[in-house]
**Q** 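One structure, pasted below without further comment.
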Amino acid sequence: MRESKEKSPESNGKENIYGFSLQDLQVVCQQPYQAKQIYNWLYTRYEKDFENMSNLPKEFRKTLHELYSVDNLKLIAQEESSDGTKKYLFQTRDGHTFESVCIKMRDKKLDENGKIIEGEKYTFCISSQIGCKVGCAFCFTAKGGFVRDLSCGEIVEQVVNLKKLNDLPAEKRVNIVYMGMGEPLNNFDNLIKAIKILSNLDGLSISPKRQTISTSGISPRIHDLGKQNLGVQLAISLHAVDDALRSKLIPMNKTYNIKSIIDAVRAFPIDTRKRVMFEYLVIKDINDDISSAKKLLSLLNGIKAKVNLILFNPHSGAKFERPEMEKVRMFADFLTSRGLLTTIRESKGIDISAACGQLREKKCPRKKQFKRISSRSVSR
Ligand code: SAH
Ligand code: SF4
């Protein structure tokens, strides 16, 4: 076995095993089938200790333990909302913290006899960075500034940990939305690699169709993402229909304005059965009027779009207010009546500050590197 070139900065000299594609692992394993065995342990059994990977030779397990780390995120806290949403606070090896959210919703499906079966649908809201550089005026994450990108391995490990913590078997499908902390397209390479690892059929097998990237609109990166042709879903945080207001809400709009974003979306390859989601944060007396809805309609003309209206979620120090539901409904009805698919997003987990824009790095009293590799770091 030889060491791979890719060093991850966050893992105390060892490499984070979750940052390895199957091909990367095949390169470092003497026998290619061993890479599949490791993938099986990591992604089907959520194993957190190389020693327990019993079908690998003992010596090989020792080498794996010496070179690679399998538990890079330590669960520091978890909270459960009255609506079942769970928020997890993870600590990285270099002592930073970030949050991930698991949203559970009721789901109904028809079986082969046409009978309704009730089940549960899980959506994981995954962070891509600790903090964010974009600095949107309405977002709590932005208030903490930018700390660092999450590595590819840390992005993948969040998903594994959320499946394990929620006792979800490997075959249980989940959806991923990159709507946690950070701007995913500002961590482009790590994000792309993570999406590929997460979708690997020998691993978690989460189809790119079930992975949604939400972006504040970095137009050149939207073009780059389109060129990757991964089949991921795109969500644009639009929030305003004219550049003056949008630049106040999202300062980066001065560089990448609304037109550049719409042009990038028009060039983006969209699955024929899918639509690009436009997220519109409705803020009281700022952008909740019908004339904004009219402009939104003409802006999205000719795009296979759906609009998701998000009610502003308050947080400490916020200078904006939550809009009246009546106004949001009128806004939605206007768009729907003109044929634009529009939904109002339910704010899940608002009572535990797990809703959109409420996540932030927490200062822990013990903000130091955790040295011991604990196999129980994600156990309840
Ligand atoms: N950085 C990416 C993804 C993370 S933010 C983005 O901006 O798209 C996920 C979503 O939460 C975005 O649509 C963002 O605009 C929204 N959001 C941020 N702050 C919010 C708040 N206070 N209330 C409601 N939604 C908010
Ligand atoms: Fe960053 Fe998104 Fe928050 Fe804006 S809304 S500061 S892009 S995380």
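Atoms within each ligand, like the ligands themselves, are counted from 1 in listed order. Note that the structure is predicted; figures quoted are calculated from it, not measured.
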**Q** Using a 4.0 Å cut-off to any heavy atom of L311, which atoms of ligand 1 qualify?
**A** 24 (C)
**Q** Pull out every atom of ligand 2 sitting under 4.0 Å from any heavy atom of S216, numbered as shown with elements.
**A** 7 (S)
**Q** Please determine if K172 and E120 form a salt bridge, counting it only when a charged side-chain N lies under 4.0 Å from a carboxylate O.
**A** no
**Q** Could you tell me, atom by atom, which parts of ligand 1 come under 4.0 Å of a heavy atom of T215?
**A** 6 (C), 8 (O)
**Q** Output yes when K259 and D263 qualify as a salt bridge under the 4.0 Å nitrogen-oxygen rule, no when they do not.
**A** yes
**Q** Counting from 1, what ligand 1 atoms have a heavy atom of I310 closer than 4.0 Å?
**A** 13 (O), 24 (C), 25 (N)
**Q** Is C139 touching ligand 2 with its side chain, its backbone, both, or neither, if touching means heavy atoms under 4.0 Å apart?
**A** side chain
**Q** Does the distance from a Lys or Arg side-chain N to an Asp or Glu carboxylate O, for D94 and R148, drop under 4.0 Å?
**A** yes
**Q** Only pairs at least two apart or in different chains count here, so list each side-chain hydrogen bond (donor to acceptor under 3.5 Å, both in side chains) that has a residue in residues 220-230.
**A** R221-D224
**Q** Taking only heavy atoms of E279, which atoms of ligand 1 are found under 4.0 Å from at least one of them?
**A** 13 (O)
**Q** Testing the 3.5 Å rule here: is there a donor-acceptor pair between the side chains of N187 and Y178?
**A** no
**Q** Numbering the atoms of ligand 1 from 1, which are under 4.0 Å from a heavy atom of H239?
**A** 13 (O), 14 (C), 15 (O)
**Q** Using a strict threshold of under 4.0 Å (side-chain N to carboxylate O), is an ion pair present between K48 and D71?
**A** no
**Q** Please could you name the atoms of ligand 1 that G180 approaches to less than 4.0 Å, counting only its heavy atoms?
**A** 4 (C)
**Q** Run the contact test for P314 against ligand 1 with a 4.0 Å cut-off on heavy atoms, strictly below, and give the result.
**A** no
**Q** Angle class for the F124/Y122 ring planes (parallel below 30°, perpendicular above 60°, tilted otherwise)?
**A** perpendicular
**Q** Is it the case that the side chains of K133 and N186 hold a donor-acceptor pair, with the cut-off being a distance below 3.5 Å and no angle test?
**A** no
**Q** Which atoms of ligand 2 are found less than 4.0 Å from any heavy atom of G182?
**A** 8 (S)
**Q** Over 60° means perpendicular and under 30° means parallel, so classify the ring planes of Y68 and F20, tilted if in between.
**A** perpendicular
**Q** Heavy-atom contacts under 4.0 Å between E183 and ligand 1: side chain, backbone, both, or neither?
**A** both
**Q** With a 3.5 Å distance limit and no angle check, can you tell me whether T336 reaches the backbone of A332 through a side-chain donor-acceptor pair?
**A** yes
**Q** With a cutoff of 4.0 Å, is M181 in contact with ligand 1, counting heavy atoms of the residue only?
**A** no
**Q** Under a 4.0 angstrom heavy-atom cut-off, which atoms of ligand 2 come close to G135?
**A** 6 (S)
**Q** Just heavy atoms, cut-off under 4.0 Å: does Y178 contact ligand 1 by side chain, backbone, both, or neither?
**A** backbone
**Q** Are any of the N or O atoms of R345 closer than 3.5 Å to those of ligand 1?
**A** no
**Q** Report the part of N313 (side chain from C-beta onward, or backbone N, CA, C, O) that has a heavy atom under 4.0 Å from ligand 1; answer both or neither where that applies.
**A** both
**Q** Between R61 and D49 (salt bridge meaning N to carboxylate O under 4.0 Å), is one present in this structure?
**A** no
**Q** Quick one: which ligand 2 atoms are inside 4.0 Å of a heavy atom on A142?
**A** 6 (S)
**Q** Heavy-atom contacts with G182 under 4.0 Å: which atoms of ligand 1 show up? List them by number with element.
**A** 1 (N), 2 (C), 3 (C), 4 (C)
**Q** Looking at ligand 1, does C132 have a heavy atom less than 4.0 Å from it?
**A** no
**Q** Just distances here: any N/O of P184 and N/O of ligand 1 closer than 3.5 Å?
**A** no
**Q** Between E51 and K58, is the closest basic N to carboxylate O distance under 4.0 Å?
**A** yes
**Q** What do we get for L281 next to ligand 1 when only non-hydrogen atoms under 4.0 Å count, side chain, backbone, both or neither?
**A** side chain
**Q** Quick check: does C132 have an N/O/S atom under 2.8 Å of atom 1 (Fe) of ligand 2?
**A** yes
**Q** L110: which other cluster members, linking ILVMFWY side chains closer than 4.5 Å, directly or transitively?
**A** I116
